[in-house]
Amino acid sequence: MKENDNNTDRRNFLKAGLLTGGSLLAASALQSVFSTEKDSGEKVKVLTTDGKLVEVDSSHVKKAQSCCVAPKEARVGIPGKKFVMVIDLSRCKDALKCQKACSKHHLLPEENKWLKVFKMQESAETAPYWMPKPCFHCDHPPCVKVCPVDATYKRTDGIVLIDNERCIGCRFCMAACPYSTRVFNWKEPEIPAEYANASYSPETSVPRKKGTVEKCDFCPDMLRQGKLPHCVTACPNGVYYFGDLNEDTVTNGDETVRFSALMRDKAGYRYMESLGTEPSVYYLPAANRIFPFKDRVVEENKEEKEHQH
Amino acid sequence: MNDIVKPANEAEAIKMLHQFNEDLLPKKFGKIGVTWVLFLCTVIAIGLFCYIKQLRYGLSVTGLGDTVSWGIYISNFVFFVAISLVGSLITAVLYLLNVNWRSPLTRVSEIIAVAAIVFAGLIIIVDMGRPDRIWHMFVYGRIQSPIMWDVIVVMTYMTISVLLLYFPLLPGIAFCRDRLTEIPKWQKWMYKTLSFGWQNKPEQYEIVKRAIAILSVLIIPVALSIHTVTSWLFATTFRPGWDSTNFGAYFVSGAFMVGAGGVIAAMYVLVRFYPRYNQYITDKHFDRMGKLLVLLSLVYFYFTVNEYMIPGYKMKGEEAAHLTELFVGKFALMFWGVQIFGMILPIILLLFKRFRRPFPMFIIAICVIVGAWFKRFLIVIPTLLHPFLPMQEISESSKIYMPTFEEWSITLASLAGALLIITVFVRYFPIISIWEVAEERGIGHDVIYKHLNEK
């Protein structure tokens, strides 16, 4: 995906590597989830499809891995993981860096935002606050339930993905999702030239496909590299914590904390628990906010005002 | 019916059959008929052109967006499924209830059913983002999805409806084959092929009648299923306005009502353009269909009250925003318009004998049909405009729904297509079943056999 040339070769390397002694490599990759990428220069031996043993840089292999999880492999989760996200509403000031990073990395046009930041206000008397909303990756996903062709599915690591090569575009999942999460490719998506020939993976959703549904995917390509989703790393205020429920650990990049402790101490909750969808995304209440609430100014109006003054 | 003249002897019966042939065998269209067909073809051509455009540019040619992701294609689909239920009502329910005045109306209701269910299937393909992947339904199909249930019951219903149209039509095709002489070769060939060597033997009639009896029983649960399952496409979601246990009954009762309206409208058009048909579709038929429509409308009224009044009484959070929009908001004019003109007025007017006459009933039936179409619009669209989370972070165009020219064209083309099927059918096949009319008058199958074999 990132480097177009040698793409196929690398995929073969990866497959061969995983199939043979390279399982060690996979294990190390998984262990290093949430560790930052090191420029190691470390060499690993992998077997090519035609039986040659070759030596490549370990970081090299991992990079290739991110783009090469085929639709079939992408149906299985990352072993041993149960991903969870915690969004601390008291820290959000609507910086929208998360959204920009998300849209940039998933090559999304302006109208298809996977991550939305809502201005919430429960009633006239209650205070407004910002609520970032990715896909909730529900444990009882209504979208997966209604899909007629198994195009959207739930993985063992908790992630709900869409196979855009399978999707028939009936949009039942969009009607079924109570959180307005899913967006549709109403027209032929504009794909940058360097991605035009990339092999499709549900883990990257690149290249996007006309007439199919897409949504936030928790960046499984990043997770496979041991990195955090783009929104988490992009947030300047540490709003997003991401981690593994099995390890009971979440991190926002700066601090790593026990998930259960965070829930207990900050009264974590899930949005619309009553629907019974069991989201994988938790919220911390917008109490003791570190930023005063400031309404968003629409960019055009801002410019207009500046012109007037 | 009581005023049916029955033949006294065989000679009279054969004379009567001659008269039936004269009256009921299909005839060439006049100027109006040809103009009507050309008009329908033009509408279809425009729709086809727009669909090609849609295939090329994707669903972006529609007014749909991420908020209103289902629009008039889907509401039109629901409309088609609804109106197709009439086939089972007139042919099966009335048949099993031994209502004998139904016989001149069975075929017209069955062809409406077939035309509607065919276009229900087509319009749902039009709504798909990837119609090229329709085969995925069969390869990767998940039985847990209500869409699969719908595919299964709609296809079953389509099959049974076609059979229920075709079996009683067999003798009719044979009549055309044996009695229509001055017709082009291809038409002769068509009748010969479609009649499958039907010889009008009394035992063949027995087989057909048994088949009809079996199919009439089979079609009732399937008919209830198609519209119940269609309602479940909505009711299985969490959305306010759709999240209703009343939806199946609400849909089915509305379907029977619009179906009866469809038959009444067709009856009027037939009698108006084929004056001889009024010997068979009489004012009494209109009167009875009028009474039937009142009954069906009252049932629908009951479920409508349940559907809107109970949530309206509670005005629960998310439901309240949706209902307010319907009752007094942006959709109020349409909502009250369809309730009053599409349901309440028809009920009241049809209680009076003077309105149960062909022309007033035609107008009422048109109101019922148009009302039913917009009622389905009101079921699909306003709900989608009231998601749980606020409508923010989406383009302004996604916050409203305005169907585009392309969308209207394709939708109108589907309606025109269904009308074209019915029209072409009327042109080439007896729309009033000759042998059933004969049977109603006590003419035996042996007499029909003799009649068709006389030189």
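Source: prediction; values computed, not measured. Order of the sequence lines sets the chain letters (A, B, ...), proteins ahead of strands, with each chain counted from 1.
Between the side chain of A/Lys145 and the backbone N or O of B/Thr236 there is no donor-acceptor pair closer than 3.5 Å. The main-chain N or O of A/Cys170 is never found under 3.5 Å from a side-chain atom of B/Arg130 such that the two would form a donor-acceptor pair. Looking only at distances, no side-chain donor or acceptor of B/Thr237 sits under 3.5 Å from a matching main-chain atom of A/Ala176.
Between A/Lys119 and B/Glu393 there is no salt bridge, since no side-chain N of the basic residue sits under 4.0 Å from a carboxylate O of the acidic one.
Put simply, the side chain of A/Cys147 does not reach to within 4.5 Å of the side chain of B/Ser145, judged on heavy atoms. Considering only heavy atoms from C-beta on, B/Arg133 stays 4.5 Å or farther from A/Arg166 through its side chain.
Atom CD of A/Glu111 and atom OG of B/Ser397 lie 8.5 Å apart (nearest 0.5 Å). For the atom pair CD1 (A/Ile168) and CE (B/Met137), the distance works out to 4.5 Å, reported to the nearest 0.5 Å. Note: A/Phe184 CZ to B/Ser398 OG = 12.5 Å, rounded to the nearest 0.5 Å.
Taking each heavy atom of B/Phe238 and A/Pro178 in turn, the nearest pair found is CD1-CG, 3.7 Å.
Neither the backbone nor the side chain of A/Val213 comes within contact range of chain B, judged by heavy atoms closer than 4.5 Å. The contact between A/Asn164 and chain B is made entirely by backbone atoms, counting heavy-atom distances below 4.5 Å. Looking at A/Glu110, there are no atoms closer than 4.5 Å to chain B (heavy atoms on both sides), in backbone or side chain. Interface remark: B/Leu233 contributes backbone and side-chain atoms alike to the contact with chain A (heavy atom separation under 4.5 Å). Residue B/Trp242 touches chain A through its side chain alone, counting heavy-atom pairs closer than 4.5 Å. Using a 4.5 Å cut-off between heavy atoms, B/Leu64 contacts chain A through both its backbone and its side chain.
Inspection of non-hydrogen atoms places A/Met131, A/Lys133 of residues 123-134 of chain A under 4.5 Å from chain B. Listed in order of number, the residues of residues 152-161 of chain A that approach chain B to under 4.5 Å between heavy atoms amount to none.
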